[in-house]
Amino acid sequence: MQMIKTDTYKELSCLAADEIRELVNRKRDCVLGLATGSTPIGMYEQLAALYRDGCIDFSAVTSVNLDEYRGLSPAHPQSYRFFMNHHLFEHINIDMHNTYVPLGEDTNAERVCADYDRLIAQCGPIDLQVLGIGHDGHIGFNEPDDHFTPGTHCVTLNPVTIRANRRFFASESEVPTQAYTMGIRPILQAGKVLLLASGKEKAGILKKALTGPITPLVPASILQLHPHLVVIGDAEALSEFGR
Ligand code: GLP
């Protein structure tokens with residue numbers, strides 16, 4: 001595991017964007033595993049700026065997102081499809097047909113999950129998987145459980161997660177209670193995993209995930225097994241790791 005501590009969120013975002021730029025410039029038809037949440041927003045802004053400056057070409061890139069709320073259509077402003085279009089895809093030259101997010105509006109969980117697993121298998125292994133970390137240690141929407149789930153599945157969200165994501169919705173009752181998420185297998189099979197964390201509130205869970213026992217009760221702890229994990233965190237998020 002490589003751990004990079006930055007002074008600021010801006011620096012974290014620039015370093016993360018550089019990882020993607022380096023990959024896309026080296027392998028123009030790479031597969032990016034992308035994440036939502038507030039943490040990668042700065043990285044997406046940097047990527048849009050790099051594209052405007054002619055430093056990166058996304059025309060042959062495929063993207064596969066981690067997760068989506070069950071029951072939200074792509075037009076819903078809090079859907080992850082909307083998030084990705086708004087924060088990244090509309091600002092770069094990626095072919096929209098090569099961007100994938102689980103189909104939240106389809107409530108047939110079995111079909112959505114099977115289709116997404118098929119799609120991930122067709123795209124080939126993810127070259128670089130970007131991850132944030134939830135307050136309860138979730139990655140994507142792989143919530144704490146008594147086992148790890150390899151494939152795409154429908155999860156009932158943890159009350160902690162619903163509370164954390166409530167800030168994006170008008171009220172807590174509007175936060176969907178279920179989501180579709182990529183499972184652990186494609187994350188572990190990714191060529192490289194980039195775990196991003198910002199802010200004091202992530203310090204405790206990050207320390208637990210990266211140095212505690214590997215357990216499905218802290219889903220991000222499985223990343224300890226990844227042979228090429230890069231953690232980029234700001235000083236607050238990495239405050240429990242010493243200097
Ligand atoms: C969300 C997403 C995760 C994300 C996490 C942390 O629920 N499903 O992919 O990593 O929460 O979000 P944030 O970066 O806003 O703290």
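Every number for a ligand or one of its atoms is a count from 1 in the order of the listing. Counting from 1, the numbers follow the sequence of the chain as shown. Just so it is clear, the model here is predicted, and its values are computed rather than measured.
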TODO: With heavy atoms only and a cut-off of under 4.0 Å, state how Ala35 meets ligand 1: side chain, backbone, both or neither.
DONE: neither
- [ ] Do me a favour and list the nearest non-hydrogen protein atom to atom 11 (O) of ligand 1 with residue, atom name and distance?
- [x] His138 NE2, 3.3 Å
- [ ] Kindly state whether the ring of Phe169 and the ring of Tyr69 have centres lying under 6.0 angstrom apart.
- [x] yes
Task: Nitrogen or oxygen of Thr161 less than 3.5 angstrom from that of ligand 1 - done: no
TODO: Have a look at ligand 1 and work out which part of Met182, if any, has a heavy atom under 4.0 Å from it: side chain, backbone, both or neither.
DONE: neither
- [ ] Would you kindly specify which portion of Ile133 sits under 4.0 Å from ligand 1, judged on non-hydrogen atoms: side chain, backbone, both or neither?
- [x] backbone
Task: Heavy-atom nearest neighbour of atom 3 (C) of ligand 1 within options Gly140, Gly132, Ala197, Ala220 - done: Gly140
Open item on the list: Counting only heavy atoms closer than 4.0 Å, does ligand 1 sit against the backbone of Phe83, its side chain, both, or neither?
Closed with: neither
TODO: State, yes or no, whether a side-chain contact exists between Leu195 and Leu210 at a heavy-atom distance under 4.5 Å.
DONE: yes
Open item on the list: Show, in sequence, the C-alpha distance, side-chain angles and deciding distance for Arg81 and Thr99, and conclude whether the side chain to side chain donor-acceptor pair (under 3.5 Å) test is met.
Closed with: CA-CA 9 Å; Arg81 162 53 78 180; Thr99 68; 3.0 Å; yes
Open item on the list: Regarding Thr161 and Asp136, do their side chains bring together a donor and an acceptor under 3.5 Å, going by distance alone?
Closed with: yes
- [ ] Among all protein heavy atoms, pick the one closest to atom 14 (O) of ligand 1 and tell me residue, atom and distance.
- [x] Thr39 OG1, 2.4 Å
